[in-house]
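In what follows, a structure is listed as structure tokens, so that the remarks can point back to it.
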Amino acid sequence: MRFSQLASCFLALEATSKRLEKTSRVSALIRQCDLDLLEPLLLLLQGRIYRLIDPREPGVSDRTMIKALQTAYGISPAAIETRWRKHGDLGLVAEELAKAQAQVRLVAETLDLQRVHTTLTKLAVHEGAGAIDHKVRLITELLSHADPAEARYIVRLVLGQLRMGVGEGIIRDAICWAFLPMPKGLFDSNEHCDDAKDNSSGNKTPTSGNRTVFTCDTADDALIIARDNPQALLILPDESAARQAYNLIISTVQHALDVSNDFAAVALVARTRGIGGLQAMDITPGKPLKVMLAQKAESMEKGLASVGLPCQAEYKYDGFRVQIHIDPHQEVSIFTRRLENVTRQFPDIVSMVKDLPGPLILDAEAVGIDQDGSFLPFQSISQRIRRKHRIADSVRRLRVQVHVFDVLYRQGSMLSRPFQERRKAVQELVPINGPLQAATATTIAEEKDAVAFYEKALAAHNEGIMLKAFDAPYRPGSRVGSMVKVKPVMDGLDLVIVEAEWGEGKRATWLTSFTLACQHQGTCLAIGKVGTGLKEKLDDSDEETLTFAAITEALRPLIERQEGRAVWLRPELVVEVAFEEIQKSPSYASGYALRFPRMIRLREDRAADDAASLDEVRIAYEQQYRRGLT
DNA sequence: GTTGCCTGCCC
DNA sequence: ATTCTGC
DNA sequence: GCAGAATGGGCAGGCAAC
């Protein structure tokens, strides 16, 4: 397959926000792709170079890419930054430069998909001195053969930012559309689907001919027929049944992805062994699963409404997520939320669990504790997560305590078991106290129970609580309403904007990142940046809406100097910023920084002198750890 | 030899 | 991590 | 209701620049 085919698919995907159209285009592409190219194709469609579980990384981001563009197109870094500021996307910069060069350059080899992927793979080679030069050469080599559209996507692939609105959901659905039996009549009325099919694969798609029509009474019947007849076209009694059947087929693929985290393997099984093959795929202790994520609740009331009563509440610990595996040989491995293997970094956790009855998969939070057993701030424990050297030393200095809150595998997969049952397994497996312990939890019958437990959690220096629906299955990688977090709302601070940066992607024409400062003896001391909380679109029903456009215009007259994407401002505009915590900062001039900052509103009534002073920040810093003790 | 920028990944 | 947005 | 794309601070490691 030529890389240009992928590039033109990317162009079409970028041009629409409609999910069905995206799904249709992706499915057309994977349907016509040779089976041995499925792996690179599916990776590149996701904007990845390596599989999720592959520990390799390209090691190239903005700065190295600017060097590569400099080498490839002979343009100075300053000029590249200027164009970056204009387009908000280095891929678009490359495309522009490639266009300008196309007139001078004579021949170009055509790039094929396999070659592009293989070359990108080589970015990860670590070879000490000269590594950056090597990466620059690899990128330059690809760009020298790329037409403008290809250049755009080569750059974005290297940076891991396709910005096409295509994620795992659409690729999952596309695998279904391409390789599995489908109910008739669901998307026929959607013109885009037919469109894409006709355009890119004509009438001879592997699955469109020779279809046997089956009439099914229910969605469950349809799934059975689909399993036994890979070429089936399913006729359901009505649209609702057809949709149910479709959802069942999608869930089958989702299940296979959940347990494998490997799109190419799943696509191959779908193509060669159909639904039965997908259903037979199962969790393998030792292979990581994605973790289930919690939604944030605006209040206790809304949180409880989301999970339903009665429910379970747990402390929300300020540590990091660990998925602990014991395989059939009783070998332990530990994975982070992003499926990084951190077993080597945590020998202490390995010894905590090594005598549990495997095979087993536990979901837990690891928290740092000091000599007295009180919690350490997240910054401390984070020193251990990526450590490669002097690990034994760090194990001695930074002790961890592991709070187990879920069991995903115990005598078989527990994913579809109700949470209540999984939680019972936690209690059977893990003690209440000690270095490895069950997360502190309670049953909530009504709101006042939850409030009392929440107060207790805060008094014990936790971030807040988790609320979990008793009957919910474990949904790897999803952020669903059956699991919510409730955290305190912190007071905001009024701070002055002293610098800003132009945005990227769809926010390229606005200032989108703002450096904040507090006051100290007549000068501004930086305390961090904020770049979220503002809206892209004006909300007519809300007079107070703060948009990127509005703040950009408010700041424009204050611009003193610009360089690349950076903007220096006269410190006049005051904004209210919310945050979770004030931290000691090793980098900001004030000595403090805000954890999870977000913009609340403009304070046009305030002058720079009215912004928070360093003393106020210091007081807020000291004060925050007393919360919940009163 | 030391410092500082860059990257990726925790939150 | 938080937040906003489109389907 | 969910996925995706914007954006935050700080950490270790690794390379380049000094």
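Small disclaimer: the values here were computed from a predicted structure and weren't measured. Worth knowing before you read on, the calculation uses all heavy atoms, side chains too, and leaves out hydrogens, waters and symmetry mates.
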Query raised in the report: 5'-most contact on DNA chain D: A:G130 or A:G531, nearest heavy atom basis?
Result: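 By nearest-heavy-atom nucleotide position, the 5'-most residue is A:G531.
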**Report entry** 5′-ward residue of the pair A:G477/A:A131 relative to DNA chain D
**Finding:** A:G477
Query raised in the report: How long is the gap from CD1 on A:I249 to CD on A:Q254, to the nearest 0.5 Å?
Result: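 Rounded to the nearest 0.5 Å, the CD1-CD separation comes out at 14.5 Å.
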Requested in this report: Measure the CZ-OG distance between A:R172 and A:S251 for me, rounded to the nearest 0.5 Å.
Outcome: 8.0 Å
Output the single nucleotide from [options] whose closest atom is nearest the side chain of [X].
| X | options | value |
| --- | --- | --- |
| A:S513 | D:dA16, C:dG6, D:dG8 | D:dG8 |
| A:I132 | C:dT2, B:dC11, D:dA16 | D:dA16 |
| A:K535 | C:dC4, D:dA6, D:dG8 | C:dC4 |
| A:H389 | C:dC7, B:dC6, D:dG13 | D:dG13 |
| A:F320 | D:dG8, B:dC11, C:dT2 | B:dC11 |
| A:T336 | B:dC10, B:dC11, D:dC15 | B:dC10 |
| A:R338 | D:dC15, C:dT2, B:dC10 | B:dC10 |
| A:V480 | B:dC9, D:dC2, D:dG10 | D:dC2 |
| A:Q295 | D:dC2, D:dA16, B:dC9 | D:dC2 |

Query raised in the report: Which heavy-atom pair separates A:F579 from A:L493 by the least distance, and what is that distance?
Result: CE2-CG, 3.8 Å
Looking at [N], I'd like to know if its phosphate oxygens (OP1 or OP2) sit under 4.0 Å from a side-chain N or O belonging to [X].
| X | N | value |
| --- | --- | --- |
| A:K22 | C:dC7 | no |
| A:T532 | C:dA1 | no |
| A:S587 | D:dG10 | yes |
| A:K296 | C:dT3 | yes |
| A:K487 | C:dT2 | yes |

Whole angstrom is fine here: how far is it from [atom1] in [X] over to [atom2] in [N]?
| X | N | atom1 | atom2 | value |
| --- | --- | --- | --- | --- |
| A:Q583 | D:dG10 | CD | C1' | 7 Å |
| A:K506 | D:dG4 | NZ | C1' | 7 Å |
| A:R390 | D:dC11 | CZ | P | 15 Å |
| A:R507 | D:dG4 | CZ | C1' | 11 Å |
| A:R397 | D:dC11 | CZ | C1' | 13 Å |
| A:E57 | B:dC10 | CD | C1' | 13 Å |
| A:R595 | B:dC10 | CZ | C1' | 10 Å |
| A:K388 | B:dT7 | NZ | C1' | 13 Å |

Query raised in the report: Should we count CZ of A:R507 as having more than 12 external heavy atoms under 6.0 Å?
Result: yes
Requested in this report: For A:R475, look at atom CZ and say whether over 12 heavy atoms of other residues, nucleotides or ligands are found less than 6.0 Å away.
Outcome: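 No, CZ of A:R475 has 12 or fewer neighbouring heavy atoms, counting only those of other groups under 6.0 Å.
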Report task. Evaluate the side-chain proximity of A:R163 to A:E14: yes if any heavy-atom separation is below 4.5 Å, no if none is. Result -> no
Query - Parallel, tilted or perpendicular: ring planes of A:Y246 versus A:F187, cut at 30 and 60 degrees - result: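 Rings of A:Y246 and A:F187: perpendicular, as their planes differ by over 60°.
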Main-chain N/O of [Y] paired with [X] side-chain donor or acceptor, under 3.5 Å:
| X | Y | result |
| --- | --- | --- |
| A:K135 | A:L123 | yes |
| A:K316 | A:V486 | no |
| A:N341 | A:S333 | no |

What is the nucleic acid contact for [X], judged by heavy atoms within less than 4.0 Å: base, sugar-phosphate only, or nothing?
| X | result |
| --- | --- |
| A:Y588 | sugar-phosphate |
| A:K485 | sugar-phosphate |
| A:A578 | nothing |
| A:F596 | base |
| A:K135 | nothing |
| A:R19 | base |

**Report entry** Within residues 377-386 of chain A, residues whose heavy atoms come under 4.0 Å of DNA chain B
**Finding:** A:F378, A:R386
**Report entry** Strand contacts (DNA chain B) in residues 156-169 of chain A, 4.0 angstrom heavy-atom criterion
**Finding:**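 Under 4.0 Å from DNA chain B: no residue of residues 156-169 of chain A.
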Query raised in the report: Checking ring-ring contact (aromatic ring centres under 6.0 Å, His included) for the pair A:H403/A:Y317: CA distance, chi angles, key distance, verdict?
Result: CA-CA 8 Å; A:H403 300 266; A:Y317 301 92; 3.7 Å; yes
Query raised in the report: Between the base of B:dC6 and the side chain of A:R63, is there any donor-acceptor pair under 3.5 Å?
Result: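 Such a pair does not exist between side chain and base.
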Report task. May I ask you to verify whether the side chain of A:S61 and the base of B:dT7 hold a donor-acceptor pair under 3.5 Å? Result ->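 Answer no: no donor N or O sits under 3.5 Å from an acceptor.
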Query raised in the report: Would you call A:E81 and A:R63 a salt bridge, using N to O less than 4.0 angstrom?
Result: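 Salt bridge between A:E81 and A:R63, a charged N being under 4.0 Å from a carboxylate O: yes.
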Query raised in the report: Taking atom C1' in both B:dG8 and C:dA1, what distance in whole Å separates the two?
Result: 15 Å
